[in-house]
Amino acid sequence: MLDHANEARAESVLDDLQEVVFQADEAGHWVFLNAAWETLTGFPVAASLGRSCFDYVHPEDRERKRELLRPLVRGELAYCRQQIRFRVEGADLRWVDVFAHAIVDQGGAVTGIAGILSTSSLRAPGPGPGPAP
């Protein structure tokens with residue numbers, strides 16, 4: 001268990017990262033986002049917590065990305081890696097690399113997902129649809 005000083009240090013380290021560290025519940029609602037979320041998307045962390053992660057995925061991609069994440073949430077995959085078009089404040093788009101893994105309780109049930117979001121190095125951000133990653 002972390003004491004207050006270690007907890008503050010861990011929070012400081014997370015907030016200094018350029019990558020977004022996230023956690024979502026089994027329904028896909030954000031329960032944790034570090035400060036890099038606002039840098040990546042322009043959306044405030046406080047306003048994003050509790051919202052569906054799919055609210056930030058490009059509308060044309062939402063259903064397909066839900067289908068790709070379902071095996072993770074059902075416990076059929078331990079992790080996944082994808083590229084996703086995320087909405088950015090101001091109606092812009094950005095390709096984001098997503099690495100997510102299932103959070104599993106002691107009984108083996110998936111209780112959510114956690115992972116990292118980073119600006120994609122494989123595709124330049126752009127509004128046009130591209131081939132599915």
Side-chain angles (χ1 to χ4, degrees):
M1 184 160 208
L2 293 177
D3 63 24
H4 183 67
N6 284 334
E7 191 173 310
R9 188 176 310 116
E11 185 175 326
S12 174
V13 168
L14 286 173
D15 284 344
D16 285 344
L17 293 173
Q18 292 181 351
E19 295 82 9
V20 175
V21 177
F22 72 88
Q23 184 176 352
D25 63 18
E26 66 277 1
H29 296 99
W30 298 125
V31 296
F32 178 83
L33 294 162
N34 68 335
W37 170 256
E38 191 163 350
T39 303
L40 182 73
T41 67
F43 295 108
V45 169
S48 302
L49 293 174
R51 294 192 57 181
S52 171
C53 61
F54 294 104
D55 289 351
Y56 301 95
V57 173
H58 187 283
E60 293 175 7
D61 298 344
R62 285 180 187 154
E63 193 53 40
R64 184 165 191 286
K65 296 306 177 181
R66 279 189 225 275
E67 288 299 319
L68 290 171
L69 286 175
R70 279 195 177 107
L72 185 67
V73 175
R74 288 192 301 246
E76 298 166 3
L77 291 175
Y79 68 92
C80 69
R81 189 177 294 243
Q82 301 181 26
Q83 280 191 322
I84 298 177
R85 287 188 296 175
F86 265 73
R87 291 186 318 109
V88 176
E89 181 67 43
D92 205 1
L93 295 173
R94 175 170 287 153
W95 282 102
V96 174
D97 290 326
V98 179
F99 176 79
H101 67 88
I103 300 170
V104 181
D105 68 15
Q106 291 179 342
V110 175
T111 60
I113 60 172
I116 298 172
L117 308 174
S118 58
T119 302
S120 178
S121 59
L122 300 177
R123 243 185 237 176

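Model, not experiment: these values are computed from the prediction.
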Could you pull out the closest heavy-atom pair between [X] and [Y], with the gap in Å?
{"X": "E19", "Y": "N34", "result": "O-ND2, 3.1 Å"}
{"X": "A114", "Y": "I103", "result": "CB-CD1, 3.8 Å"}
{"X": "G75", "Y": "V110", "result": "CA-CG2, 3.7 Å"}
{"X": "D55", "Y": "R62", "result": "O-NH2, 3.2 Å"}
{"X": "A100", "Y": "L72", "result": "CB-CD2, 4.0 Å"}
{"X": "S48", "Y": "W37", "result": "OG-NE1, 2.9 Å"}

Would you confirm whether R85, through its side chain, and L93, through its main-chain N or O, come within 3.5 Å as a donor-acceptor pair? no

About how many Å separate CD1 of I113 and CG of L77, when rounded to the nearest 0.5 Å? 12.0 Å

Between CD on residue E89 and OH on residue Y56, distance to nearest 0.5 Å: 9.5 Å

Are F86 and L49 joined in one hydrophobic group, where the rule is that I, L, V, M, F, W and Y side chains link up if heavy atoms are under 4.5 Å apart? yes

What verdict does the side-chain contact (heavy atoms from CB on, under 4.5 Å) test give for L69 and Q82, after you've listed the backbone C-alpha separation in whole Å, the side-chain angles of each residue and the deciding distance to 0.1 Å? CA-CA 10 Å; L69 286 175; Q82 301 181 26; 3.7 Å; yes

Between F43 and W30, is the gap from one ring center to the other below 6.0 Å? no

Would you say that R94 contacts L40 through its side chain, given a criterion of any heavy-atom pair below 4.5 Å between the two side chains? yes

Kindly write out the residues that satisfy side chain to side chain donor-acceptor pair (under 3.5 Å) with T41, not counting sequence neighbours, or none if the list is empty. none

Count the heavy atoms belonging to other residues, nucleotides or ligands that lie under 6.0 Å from CZ of F99, then report whether that count exceeds 12. yes

Just wondering, are more than 12 heavy atoms of other shown residues or ligands nearer than 6.0 Å to CZ in R81? no

